[in-house]
> 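Structure incoming, see below.
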Amino acid sequence: NFDAAEILGRIAGLDVKRRNTQTEADSILASQNSIAKEIGQLMKEGKREEAEAAKGRVADLKESSKALESKMEEYTKELNELLVLLPNLP
């Protein structure tokens with residue numbers, strides 16, 4: 001008899017981590033979009049220095065976003081590896 005309780009527990013934990021990471025990545029993306037609009041407005045107003053500072057913030061957010069994407073890929077890969085260990089339901 002196959003006891004899948006341990007595998008299911010690990011799957012549930014990984015799924016929570018993946019979802020939390022996705023939420024954080026979505027939040028960062030929303031911030032990037034908001035700042036991008038702000039940059040456009042600052043450029044129209046001729047506030048180049050403030051726009052450049054905002055571009056720096058966007059670059060930092062992009063780095064964070066890349067790290068989160070990498071984490072999500074790891075979680076998804078591990079999830080898939082665990083899912084194939086579960087037997088089919090009769």
> Give the minimum heavy-atom separation between Ser31 and Leu61, together with the two atoms involved.
CB-CD1, 3.9 Å
> Kindly state each residue pair satisfying side chain to side chain donor-acceptor pair (under 3.5 Å) with at least one member in residues 59-75, sequence neighbours excluded.
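Listed by first then second residue: nothing to list.
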> Indicate every side-chain donor-acceptor pair of residues 4-20 with a distance under 3.5 Å to a residue at least two apart or in another chain.
unit_1	atom_1	unit_2	atom_2	d
Asp15	OD1	Arg18	NH2	3.0
Asp15	OD2	Arg19	NE	2.7
Asp15	OD2	Arg19	NH2	3.3
Asn20	ND2	Val16	O	3.4

> Please tell me whether Met72 and Leu82 are part of a single hydrophobic cluster in this structure, the criterion being side-chain heavy atoms less than 4.5 Å apart.
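Cluster IDs for Met72 and Leu82 differ.
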> Let me confirm one number: the NZ-CE distance from Lys55 to Met43, rounded to the nearest 0.5 Å.
4.0 Å
> Using every non-hydrogen atom in the two residues, find where Val58 and Gln32 come nearest and quote the distance to one decimal.
O-NE2, 3.9 Å
> Say you draw a straight line from CG of Leu79 to CD of Glu81; how long is it, rounded to the nearest 0.5 Å?
9.5 Å
> What's the separation between atom CD in Glu52 and atom CD1 in Ile39, rounded to the nearest 0.5 Å?
8.0 Å
> Within this structure, what is the CD-CG distance for the pair Glu78 and Leu83, rounded to the nearest 0.5 Å?
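Going from the CD atom of Glu78 to the CG atom of Leu83 covers 11.0 Å.
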